[in-house]
Visitor: 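This is the structure, below, for whatever I ask next.
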Amino acid sequence: MTESIDSGTRIKPGTDLYAEVSDLLLREADALDNYRYDEWLGMLTEDVTYVMPVRTSQFLTDGKGFHGDATFFSDDRESLTTRVRRLETEFAWAETPPSRTRHFISNVLVHEREDGELGVRSSFMITRTRQDHGYQMFTGERQDRLRRGEDGELRFAGRVILPDQTVITATNLSVLF
Amino acid sequence: MSENPTTLPTQLGGGEDLAALVNVDDGLISRRIFTDPAIFELEKERIFGRAWFFVGHETEIPEPGDLVARPVGMDPGILVRDDEGEIRVLLNSCRHRGMRVCRTDRENARFLRCPYHGWVYKTSGELVSAAAESHYGPDELRKEEFGLIQAAQVDQIQGLIFATWDPEAPPLQEYLGDMAYYLDLVFGRTDGGLEVVGTPQVWEVDTAWKFGTDNYTDNYHVFSTHHSLVDLGMLPNDPDFASHGHMIDAGNGHVLHFVQGPPDDEEFRAFGLPEELREQMRRNLPPDKLQIAEPSGISVGTVWPTFHYMHLQSSDVIDGKQEPFMNLRMEEPISPTRTRMWAWFMVDRTASPEFKRRSQECYVRTFGPAGLFDQDDMENWEDCTRANMGPAARRYTLHHRMGVDREPISDWPGPGRVWADSYGEMTQRAWYGQWLRQMQGE
């Protein structure tokens, strides 16, 4: 996965394009942390794919621990929209009352491919607290494909979320990554 | 392995009789049994040292040397197909200092080498060498005695591999009793059976393990717990909708249910399988089993104590089409209030690639830790655990009384005690009855 997301021309920090990508990542994190889910959906392309594979502990010679096709998320725009509409009901108990999350995004590497899509690799740390429970934390890597729409805006066309944990130490995955 | 103690105390340190905590006939069960550390300690010996536990499916280890690290009850195990092709379950612990010898979740191995002092085992468990072996005198190492500890018994049904640490436990077929009939029905319906796709989802929840087992034989919660999906039109807006089914006590704590749809619903039948798989099912199942399978839309079952299959169907998006999926579940207790959850996705081996893809997609969107349904179940179990722990709360009972006066039916084609209403706590009471018998050392 890493190879394809890093293909093309490296876009370095300090360039306008890198700043535009960074700004999108920050605005996305802000929308998710402040329950502005429709704004978040607006940052996704119509054909967006959103996948979190299951990680296993394996020898490095066997890869990075992504065995076969098991996933935690395997979503598209329609199913992500369903997730958002669910959160808006009064009965999505896992998030009613809602968790407090904070998306920390760093280590952003940007590449521009020949077809114009941008490959963006970043690290995430997401903290979550809900009710009076202690912290739950998710860390990992996101591999995003960004595409510019006809309106000139960059949007997420694909996201692969690579969790660091093989055993997710959290009640559930009712937060968005 | 040391012998099992033959006499077990039936009273806790405070002198209370376990039977006073679990009143199966009245459906009143003490909150204490869920979170009390003393009871958890007894469970380790009397349940997790003695029962049969699911460890994996044969399709997860197709080749010699294939292995997966899996708990067997509460002990770390290795499920391996050895050099001779035999399936073995080993304790993942070197005989020297107890170090873990398998340190991945899965690999293909010829040998298991302990990192600590370099003891090396074959995948059959046999100890073949130790580092600097010449420093042992001729009778000191005793390789033939100190192979990896093997599960006392390993057996399978429909490719589902179970193991127990108890040499005195009844053989698997006898242990399963009437449940074997239903596992053959659900897993043996299509040519070649079902296969595991990928690797299990694993996550840890702050819940007492029995809130999980309780929930897997509970239809009553669906309308309320999963009401967000009623709100979105993905479940019927009818509080009775999951009640049109049959609950079965298959004996020895094994329980299950089949839920049937309305007679005019062609989709909510035959587990929602596509036509080509229904044809196989009609060919593979004898008439009595087919009579159960044909009108059933879903089935969920428990092999006592911690293995569950959930053969469900659901749409995964608003206004979507329902797809069926098979999900295996297991609880691995970590402490009285923390449990590791295991979830496998399975699909019929001979299904079309498109059905396999859609079935898995529908599973992962609706079940597992990110699933639209499952997310809310875990929320319940955590808050049940927290609210049942206090010194005042644990003086009181929980209410499992629905159906205590209900009579079983006699015109069901399969074995077991069967009730014609899938809202009811008959199966939970059967599970807790077995819990009590096991905890009393029976």
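Chain A is the first sequence line, chain B the second, and so forth, proteins listed ahead of strands; every chain is numbered from 1.
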Visitor: Hey, does the side chain of T82(A) reach the backbone of I318(B) with a donor-acceptor pair shorter than 3.5 angstrom?
Guide: yes
Visitor: Heavy-atom cut-off 4.5 Å, strictly under: side chain, backbone, both or neither for R103(B) against chain A?
Guide: backbone
Visitor: Kindly determine whether M234(B) and R85(A) satisfy side chain to side chain contact (heavy atoms under 4.5 Å, CB included), including the steps that lead there.
Guide: CA-CA 12 Å; M234(B) 293 168 68; R85(A) 295 284 95 86; over 6 Å; no
Visitor: Tell me if a side-chain donor or acceptor on W93(A) pairs with a main-chain N or O of D377(B) at a distance below 3.5 Å.
Guide: no
Visitor: Is Q201(B) in contact with chain A via its backbone, its side chain, both, or neither, using a 4.5 Å heavy-atom distance?
Guide: both
Visitor: Select all residues of residues 110-117 of chain A having any heavy atom within less than 4.5 Å of some heavy atom of chain B, and report them by number, or 'none'.
Guide: none
Visitor: Who pairs with F104(A) by side chain to side chain contact (heavy atoms under 4.5 Å, CB included), at least two apart in sequence or on another chain?
Guide: R102(A), M125(A), T127(A)
Visitor: Looking only at heavy atoms and a cut-off of under 4.5 Å, which of E90(A), E95(A), M52(A), R130(A) has the most pairs with chain B?
Guide: R130(A)
Visitor: Using a 4.5 angstrom heavy-atom cutoff, name the option from D316(B), L229(B), T225(B), D206(B) with the most pairs to chain A.
Guide: T225(B)
Visitor: With only heavy atoms counted, which part of T207(B) is less than 4.5 Å from chain A, the side chain, the backbone, both or neither?
Guide: neither
Visitor: Count the heavy-atom pairs under 4.5 Å between each of E361(B), Q360(B), H226(B) and chain A, then report the option with the highest count.
Guide: Q360(B)
Visitor: With a strict 4.5 Å heavy-atom criterion, list every residue of residues 14-26 of chain A that contacts chain B, or say none.
Guide: none
Visitor: How far does OG1 of T104(B) sit from CG of L60(A), to the nearest 0.5 angstrom?
Guide: 12.5 Å
Visitor: Heavy-atom count check: over 12 atoms from other residues, nucleotides or ligands less than 6.0 Å from R113(B) CZ?
Guide: no
Visitor: Decide side chain to side chain contact (heavy atoms under 4.5 Å, CB included) for D105(B) and Q58(A); before the verdict, give the C-alpha distance in whole Å, the side-chain angles of both, and the deciding distance to 0.1 Å.
Guide: CA-CA 6 Å; D105(B) 290 324; Q58(A) 289 180 265; 5.6 Å; no
Visitor: Do you know which of Q131(A), E88(A), H133(A) has the most heavy-atom pairs under 4.5 Å to chain B?
Guide: H133(A)
Visitor: Would you name the heavy atoms of R83(A) and A370(B) that are closest together and state the gap between them?
Guide: NH1-O, 2.7 Å
Visitor: Work out which heavy atom in T199(B) is nearest to a heavy atom in A70(A); give both atom names and the distance.
Guide: O-CB, 3.2 Å
Visitor: Kindly compute the distance separating CD (E379(B)) from OG (S99(A)), expressed to the nearest 0.5 Å.
Guide: 7.5 Å
Visitor: Taking NZ, NE, NH1 and NH2 as the nitrogens, is one of them in D132(A) or R386(B) under 4.0 Å from a carboxylate oxygen of the other?
Guide: yes
Visitor: May I ask you to decide if T89(A)'s main-chain N or O and D231(B)'s side chain share a donor-acceptor pair within less than 3.5 Å?
Guide: no
Visitor: For the CZ atom on R110(B), are there more than 12 heavy atoms of other groups (residues, nucleotides or ligands in this structure) within a distance under 6.0 Å?
Guide: no
Visitor: Which answer fits D383(B), side chain, backbone, both or neither, if we ask what part of it has an atom under 4.5 Å from a heavy atom of chain A?
Guide: side chain
Visitor: State, without any angle test, whether T56(A) and R106(B) hold a side-chain donor-acceptor pair at a distance under 3.5 Å.
Guide: no
Visitor: Is the side chain of R365(B) donor-acceptor paired with the backbone N or O of S79(A) at a distance under 3.5 Å, no angle test?
Guide: no
Visitor: With distance as the sole criterion, is a donor-acceptor pair present between the side chains of Q375(B) and R86(A) under 3.5 Å?
Guide: yes
Visitor: Who in residues 165-177 of chain A is close to chain B, using a strict under-4.5 Å heavy-atom cut-off?
Guide: T166(A), V167(A), I168(A), T169(A), A170(A), T171(A), N172(A), L173(A), S174(A)
Visitor: Flag the one option from V364(B), V205(B), V196(B) with the top tally of heavy-atom pairs under 4.5 Å to chain A.
Guide: V364(B)
Visitor: Look at atom CZ of F355(B) and say whether more than 12 heavy atoms of other residues, nucleotides or ligands are closer to it than 6.0 Å.
Guide: yes
